[in-house]
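First the structure, in the form of structure tokens, and then the observations on it.
Below, read A as the first sequence line, B as the second, and so on, with proteins coming before strands; counting in each chain starts at 1. A quick note: this is a predicted structure, and the numbers were derived from the prediction, not measured.
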There are 2 protein chains.
Amino acid sequence: MTITIYDVAREANVSMATVSRVVNGNQNVKPATRQKVLAVIERLDYRPNAVARGLASKKTKTVGVIIPDISNVFYAELARGIEDIATMYRYNIILTNSDQQENKEVQLLSTLLSKQVDGIVMMSDQVTKEIKHEIDRTDVPIVLAGSIDNSHTIPSVNIKYEEAAKEAVERLLQNGHKRIAFVSGSLAAPVIQQQKLKGYERALEGAGIKFDIALVYGVDNKYDDGIEAWNVLHKLDDPPTAYFGGNDELSIGIIHGAQDNGFKVPEDLEVIGFENSKLARMVRPQLTSIVLPLYDIGAVAMRLLTKFMNNEKIEEENVNLPYRIEERDSVK
Amino acid sequence: MTITIYDVAREANVSMATVSRVVNGNQNVKPATRQKVLAVIERLDYRPNAVARGLASKKTKTVGVIIPDISNVFYAELARGIEDIATMYRYNIILTNSDQQENKEVQLLSTLLSKQVDGIVMMSDQVTKEIKHEIDRTDVPIVLAGSIDNSHTIPSVNIKYEEAAKEAVERLLQNGHKRIAFVSGSLAAPVIQQQKLKGYERALEGAGIKFDIALVYGVDNKYDDGIEAWNVLHKLDDPPTAYFGGNDELSIGIIHGAQDNGFKVPEDLEVIGFENSKLARMVRPQLTSIVLPLYDIGAVAMRLLTKFMNNEKIEEENVNLPYRIEERDSVK
DNA sequence: CTGAAAGCGCTAACAG
DNA sequence: CTGTTAGCGCTTTCAG
């Protein structure tokens, strides 16, 4: 039925060990017999069974990826970075969506581990105790991409969110704004949100402006949330004249919320986003945004993972990639 | 070291067959011994090795997915549909990017097959002979999602592109337009483009309007291509007053191209998109677009695949999902 | 440079 | 209801 290494061995008059050697590029094979085996492999259309190989060698050449939601451009971009580097190192990827649910994340870790993945790249807004526990329980290397665990004990790739946020707000401060809103995803738990908020606070502090909790609006990170945020915030007695949005989609919502009500950007309000996705160019005015190198974060995370999987030397387990502001027209 | 089914058997004083039975939910186990085994599993923190299981059972509970580019929202949405249904049926997904390159597609098929996936969902603009050949060579079921092979011999899930395009153009015709542009991805090979073009032609024909090749602009499907298309087309002696864009991103490019030059949508030109992605609501005016149910296409494709994998009865191997026009403000 | 043999961890008859 | 026994297809010593 399916043809195996054994069939090849028989047809080529060699042992299966020899076939295995040529399949795996082992040099200890006489060129002549290598050719002979290769010919038979070709003729029989033999295709090695990776599962059997995985069982015997205890290496599957596949890595697991846990992300919140692949249909979200943010994560999709990151996933692509991961996949490209994985491919480069001859790994395949088992892609799973967690929807940010802790129980799912734990369960996914477990099923990935049962599938004997050689490593895992994970994104999680919050590395809970349960997750940490699961991670500590295994020898399989795991690296976080665009995610932070408080204990700083899991390898990770990020940018310095706090610094980036600070810089964004300072950019707004430069233009003379005193009332700057910070609109972002739910501020409940996520570590990264907290870091951004801290950057926001530090920027204000540096400019001698009092922090006003009324200007901090924590919703979700969606377009409609941006519209909603604007609707709420502009009704304040002393409304913000500038907005720092947690991501681009949200920021565009803010812009449209304002524009739909006759306000002009950047004349009446200035907006700066975070992510610099393709979207940023697809609004009018085009959105000024902090460049979050999603693809690179994924790529570097995967590269880091390969080092762990190959027991290479690791210089730094917690990598921070550079970021910058992409100036466009939503900020003067 | 790693604990196996054998360890559990020993500790529980049963045979490994019994352990296997409880792990697999086989009913032929006395409740008492089941409890005993479960307790040991818990205590030893035993986790079945899916690779060994796959080798023995010849089922891996993983399916391969070949898409052009996961960082493209279009495909990401589809991938999510696939993943959700896969999860529902307890399959995991090996996700691979082909970048539409035939040689990569062929190679990916091969590596997925070597990994013994139980099935494959594939998206490909063009199912070439090579690909068809590779597919025919295996017993592993494969279904196409949002893709068509000319021979109609591979199961697939789509919408009726030709009809949808026809309807879109007719919508424009309704508003009295005589000069309607068809802007789309490269018209070179892709079957689906051809179908849309045909729908466009038929709509014109139905309205007694002569087909003008000058109004057909085949670029790529990107935002900038939309801008470019507008720049070129509006300079025509008799420029189009309405545009049918191959997808939303492209259509938004057209809108912005026009707006950036002082033209108004829908007053000066009307635009209808194709896809109805989240983007459609994120422009002003909001984009009227044909609803392409990407998520559903992925989901249904995966569901269809499960039927093949379980040898269930298949009513129809080539499924067509419904589509409709989502009316917004880029068309009067 | 090549072969023999022992597993990898689990499923699946087949007995009993 | 439970145990025994073969493999699944390949890698990996260990000899030679």
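- Residue A:Thr4 places none of its side-chain N or O atoms closer than 4.0 Å to OP1 or OP2 of D:dG9.
- Across all strands shown, A:Val14 has heavy atoms under 4.0 Å from sugar-phosphate atoms exclusively, and none from any base.
- Looking at B:Ser124 and B:Ile66, their side chains never come closer than 4.5 Å, going by heavy atoms from C-beta outward.
- Applying the 4.0 Å criterion to OP1 and OP2 of D:dG3, one finds that B:Ser15 has a side-chain N or O inside that range.
- Within the 4.0 angstrom heavy-atom criterion, base atoms lie near A:Ser20.
- With C:dA12, D:dT2, C:dA4 as the choices, the nucleotide that has an atom nearest any side-chain atom of A:Ala17 turns out to be C:dA4.
- Side-chain contact check for A:Tyr295 versus A:Asp84: some heavy-atom pair is nearer than 4.5 Å.
- Note on B:Lys104 versus B:Asp99: salt bridge recorded, some NZ/NE/NH1/NH2 to OD/OE distance being below 4.0 Å.
- Atom CZ in B:Arg47 sits roughly 12 Å away from atom P in C:dC10 (whole-Å rounding).
- Considering only side-chain N and O atoms, B:Lys58 lies under 4.0 angstrom from the phosphate OP1 or OP2 of D:dG9.
- In this structure, CG of A:Asn49 is placed 14 Å from C1' of D:dG7, rounded to the nearest angstrom.
- The pair B:Asp69-A:Arg80 meets the salt-bridge criterion, since a charged nitrogen lies less than 4.0 angstrom from a carboxylate oxygen.
- Counting only heavy atoms from C-beta on, A:Ser57 has its side chain closest to D:dT12 among C:dA12, D:dG9, D:dT12.
- If you take CG of B:Asn26 and P of D:dG3, they are 13 Å apart, rounded to a whole angstrom.
- The side chain of A:Asn24 places an N or O atom within less than 4.0 Å of a non-bridging phosphate oxygen (OP1 or OP2) of D:dT11.
- Separating the CG atom of B:Leu55 from the P atom of C:dG7 is a distance of 17 Å, rounded to the nearest angstrom.
- Residue-to-nucleotide contacts include a donor-acceptor pair under 3.5 Å from the side chain of B:Arg21 to the base of D:dG3.
- Contact annotation: A:Tyr6 does not reach the phosphate of C:dA4 (side-chain N/O to OP1 or OP2, under 4.0 Å).
- Between A:Glu134 and A:Arg137 there is a salt bridge, since a side-chain N of the basic residue sits under 4.0 Å from a carboxylate O of the acidic one.
- The separation between A:Lys59 atom NZ and D:dT11 atom P is 14 Å, rounded to whole Å.
- Within the 4.5 Å cutoff, the side chain of A:Phe308 has no heavy atoms near those of the A:Ile142 side chain.
- The distance from atom CZ of B:Arg10 to atom C1' of D:dG3 is 17 Å, rounded to the nearest whole Å.
- As a whole-Å value, the separation of A:Asn28 CG from D:dT11 P is 15 Å.
- A:Arg53 has no side-chain polar atom (N or O) that falls below the 4.0 Å cut-off from OP1 or OP2 of D:dG9.
- Listed nucleotides C:dT11, C:dT2, D:dC10 differ in distance to B:Ile5; the shortest reach to its side chain belongs to C:dT11.
- Between B:Ala56 and B:Val29, the residue anchored closer to the 5' end of DNA chain D is B:Val29, taking for each the nucleotide with the nearest heavy atom.
- Of the side-chain N and O atoms in B:Thr33, one or more sit less than 4.0 angstrom from OP1 or OP2 of D:dT2.
- For the OP1/OP2 pair of D:dG3 and a distance below 4.0 Å, the side-chain nitrogens and oxygens of B:Thr18 include at least one atom meeting the criterion.
- Rounded to whole angstrom, the span from the CE atom of A:Met16 across to the C1' atom of D:dG7 amounts to 13 Å.
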